[in-house]
Amino acid sequence: MSDVVTITREGAVAIVTIDNPPVNAVGQAVRQGLWDAVTTLEPDTQVEAVILACAGNTFIAGADIREFDGGSMEPWLADLIDRIHSSAKPWIAALHGTVLGGGLETALGCHYRIADRRTKIGLPEVSLGILPGAGGTQRTPRLTGAAAAVQLVTTGVPVSAEKALEFGLIDRVTDDLDADTMTLAQHAAGQPVPRLDPAPAESNLSQDDWDNLRKQVEKQARGQLSPVRAFDAVRLAFETPLAEGMDAERDIFMELKETDQSKALRHAFFAERAVGKPAALKSGTPRDISRLAVIGGGLMGSGIATAALSAGYTTTIVEQSAEAATTARERVAGNLASAVKRGKITEEARDATLDRLTTTDDFDAVADADLIIEAVFEESDVKRAVFDKLATAARPDAILATNTSYIDPTTFTSQVPNPERIMGLHFFSPAHIMRLVEVVRTPDTHPDVLATGFTMAKKMRKVAVLSGICDGFIGNRILGAYGRMAGYLLEDGASAAQIDGAMKDFGMPMGPFEMFDMAGLQIGYSNRKREAATRDPQMRYSRIADLIVEDGATGQKTGRGFYRYEQGSRAALPSPETEALISAERAEKGITPRSFEDSEIVAMLHAVQVNEAAKILQEGIAERPLDVDVVKMMGYGYPRWRGGPMQEADARGTAQVLSTMQSIADADPGSWHVADLLQEIGGKNGRFADLNT
Ligand code: CAA
């Protein structure tokens with residue numbers, strides 16, 4: 001018998017158990033083991049029913065994604081499932097944990113499905129850029145009807161066991177899986193085996209209904225192919241017999257698997273897991289942390305505190321006055337109330353969470369905290385004042401973190417003893433919702449402190465990425481290059497609407513100018529004024545954003561920025577004043593506006609990001625290209641189905657990206673310099689992915 005699939009017997013019932021940690025993925029060894037189990041059990045006259053179960057935390061969580069890049073390895077999952085379904089004996093799938101993708105498809109091949117109440121069940125393949133390729137798009141509709149099948153297959157979002165029961169996907173939900181599965185198997189033993197009707201599934205949807213549904217799926221997919229093709233496959237289940245539908249599903253699966261989108265989404269899946277394991281963390285052991293203090297209870301501080309409380313930490317927010325402390329508590333309560341509203345937590349859980357929060361204006365309350373996060377205004381002097389106080393108020397062994405998005409932590413922590421306990425934690429706003437955290441290490445940060453930051457982020461259900469120190473760290477530094485290029489394109493003749501439109505067609509949730517308007521133009525303006533004295537005079541400077549602010553417009557909140565906004569609306573409308581101001585500035589600078597293709601805009605905005613990322617990599621600020629990709633996908637809306645800028649560079653061809661960057665630098669050498677690493681990789685049309693060790 002195989003290492004990963006074993007057979008035991010209880011009377012006339014055989015129990016086939018898969019044990020393939022960590023998630024019982026149905027890779028080649030499991031498929032072969034199951035194939036052999038069918039071969040063994042089918043002729044065995046002592047066996048009258050078969051239970052298919054999994055050891056460990058979960059039933060099969062899908063095909064083994066790592067095999068997708070290799071050749072096919074028989075037996076095929078679809079053939080195996082067909083064999084199970086054609087068995088003369090009833091097979092009962094005992095479901096627990098996460099029953100996903102090929103796991104659910106295997107269960108659908110069985111004749112009965114019974115699930116532990118806590119089971120999550122779904123077909124997440126579209127999030128890997130593929131579709132369920134082993135009968136999921138054909139068997140699901142035959143069990144659930146059209147609406148549920150379209151939902152499950154095109155969104156990829158798993159449902160609870162109760163919902164799956166309501167959909168008709170499973171037969172029973174239980175609180176005692178082992179006992180109830182055995183009872184079901186004993187009843188089914190020797191009885192006729194129920195089989196799925198191979199005729200086309202029935203629905204009362206008209207042609208128009210189907211067409212409208214497809215349009216909806218297309219709209220939600222925002223450029224991603226797999227949900228739309230998965231929808232087409234589901235529709236086929238209502239038009240063709242099972243066998244033909246299965247063949248068509250297989251063809252679409254093979255087509256999607258080879259697309260850049262699927263490769264990018266698979267990259268995203270593994271990159272999101274690999275970021276948690278940077279080399280620098282190997283020698284670190286996380287410390288035990290239970291009490292947190294957050295200095296500053298503004299939007300950011302209260303968001304961080306909400307995330308900390310939700311992760312189970314006892315948390316104190318320290319504010320400057322009793323009134324501000326009360327406001328901070330109200331903010332946290334508001335965040336938790338909206339989590340209740342969205343069905344994320346119960347009212348009881350909200351109350352228990354709030355009970356762990358203390359808000360105070362007494363700075364000495366930090367004395368018993370294991371980890372303290374400073375989240376005050378992004379200004380070196382303001383942060384220094386906090387750290388000067390922490391130097392004596394905090395325990396000497398307490399870990400001290402600063403939530404900074406740009407500033408080098410060592411510039412304001414020099415008075416603090418034991419600098420090995422200091423790190424940066426760059427949360428993204430709103431901090432209780434956004435999943436990215438950049439963990440910033442100073443030259444002194446101890447690996448245990450970094451490991452603690454990563455563990456804490458994981459408990460908060462966040463994805464942590466390690467960054468070294470530079471202005472803006474990984475994400476905002478790349479954003480700087482992106483914003484600068486967007487400004488030059490605007491000055492050179494592209495309109496804000498064209499640039500934003502091109503980037504949205506590329507898959508970004510919003511374009512750069514909509515983003516600037518939403519964030520507000522004032523902070524950038526103040527920063528630029530402060531930096532004016534030290535700015536490189538060779539570098540081109542676009543004044544348009546400054547002129548807009550000086551004209552009294554600072555973005556969405558004031559009703560005008562790069563665009564105009566009607567009262568209470570976020571819809572970006574053309575602003576004749578801003579457009580006149582841009583034209584006047586072009587004339588003043590003697591620029592004859594030229595036209596740009598959308599593809600040119602996208603290529604240029606992509607190239608400058610890759611170029612900046614290449615510098616970040618060669619300086620050791622980010623360890624691997626995948627770290628950059630995860631930062632951009634999780635913090636800045638870079639489409640997952642493009643896998644981040646570095647994956648996109650590999651897909652476009654790094655030689656092409658280098659050539660675009662070279663032209664940008666040749667045209668304006670004062671502003672742009674091609675990174676050595678881009679030169680090296682693009683020069684041989686190599687792949688950034690090869691640096692992802
Ligand atoms: N194949 C290969 N490896 C997998 C895997 C899979 N399907 N699912 C998880 N893993 C690996 C992860 O890469 C990770 O490996 P490392 O420890 O080396 O990083 C390990 O298993 C544990 O995974 P997580 O860290 O994600 O653990 P978790 O407990 O947080 O989540 C999970 C578990 C919900 C199952 C999550 O891993 C998950 O969503 N997995 C993918 C599920 C999926 O997409 N299934 C469909 C596959 S495609 C398919 O089935 C096609 C078909 O039609 C035949």
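Residues take their numbers from the sequence shown, with the count starting at 1. Please read these numbers as outputs of a predicted model, since none were measured by experiment. Both ligands and their constituent atoms are indexed starting at 1 by order of listing.
Comment: K215 does not engage E218 in a salt bridge, judged by the lack of any side-chain N to carboxylate O separation of less than 4.0 angstrom. At a threshold of 4.0 Å, the pair R235-D232 does not count as salt-bridged, since none of the basic side-chain nitrogens sits closer than that to a carboxylate oxygen.
Atom 31 (O) of ligand 1 is never approached by the protein to below 4.0 angstrom, counting heavy atoms only. Distance remark: protein heavy atom not present below 4.0 angstrom from atom 27 (O) of ligand 1.
For ligand 1, the atoms sitting less than 4.0 Å from at least one non-hydrogen atom of L77 are 54 (C), numbered in the order shown with element in parentheses. Those atoms of ligand 1 with a heavy atom of P132 less than 4.0 angstrom away are 53 (O). Applying the 4.0 Å criterion to heavy atoms of G133 picks out, from ligand 1, the atoms 52 (C), 53 (O). With ligand atoms numbered from 1 in the order given, ligand 1 contributes 16 (P), 17 (O), 18 (O), 19 (O) to contacts under 4.0 Å with heavy atoms of K277. Ligand 1 places these atoms under 4.0 Å from at least one heavy atom of L128: 44 (O), 47 (C), 48 (S).
In summary, the side chains of R266 and S262 do present a donor paired with an acceptor at a separation below 3.5 Å, with no hydrogens or angles considered. Counted by atom type alone, T6 and T17 present zero donor-acceptor pairs between their side chains at under 3.5 Å. For the residue pair T137 / E249, a side-chain donor-acceptor distance below 3.5 Å is found, with atom types taken as modelled. No hydrogens or angles considered: nothing links the side chains of H426 and N403 as a donor-acceptor pair under 3.5 Å. The closest side-chain donor-acceptor pair between E125 and S127, if any, does not fall under 3.5 angstrom.
Contacts with ligand 1 closer than 4.0 Å are made by side-chain heavy atoms of P124 only, the backbone lying farther away. When heavy-atom distances to ligand 1 are checked against a 4.0 Å cut-off, A63 comes that close through both its backbone and its side chain. When heavy-atom distances to ligand 1 are checked against a 4.0 Å cut-off, I65 comes that close through both its backbone and its side chain.
Figure legend: R356 and Y313 shown without cation-pi pairing, the cationic atom not lying both under 6.0 angstrom from the six-membered ring centre and within 45 degrees of its axis.
For atom 2 (C) of ligand 1, the closest non-hydrogen atom on the protein side is D64 OD1, 3.2 Å. Summary of contacts: the protein heavy atom closest to atom 39 (O) of ligand 1 is L100 CD1, 4.0 Å. Scanning the protein heavy atoms around atom 11 (C) of ligand 1, the nearest turns out to be P22 CG, 4.4 Å. Protein heavy atom closest to atom 35 (C) of ligand 1, with residue, atom name and distance, is A61 CB, 3.5 Å. Ranking protein heavy atoms by distance to atom 24 (P) of ligand 1, first place goes to R273 NE, 3.6 Å. Nearest protein neighbour of atom 38 (C) of ligand 1, counting heavy atoms only, is F269 CE1, 4.0 Å. The protein atom (non-hydrogen) at minimum distance from atom 9 (C) of ligand 1 is V23 CG2, 3.6 Å.
Remark: distances from the non-hydrogen atoms of G136 to ligand 1 are all 4.0 Å or more.
The nearest non-hydrogen atom to atom 54 (C) of ligand 1, considering only E105, E249, K257, E272, comes from E105.
The local environment of NZ in K458 is sparse, with at most 12 non-hydrogen atoms from other residues, nucleotides or ligands closer than 6.0 Å.
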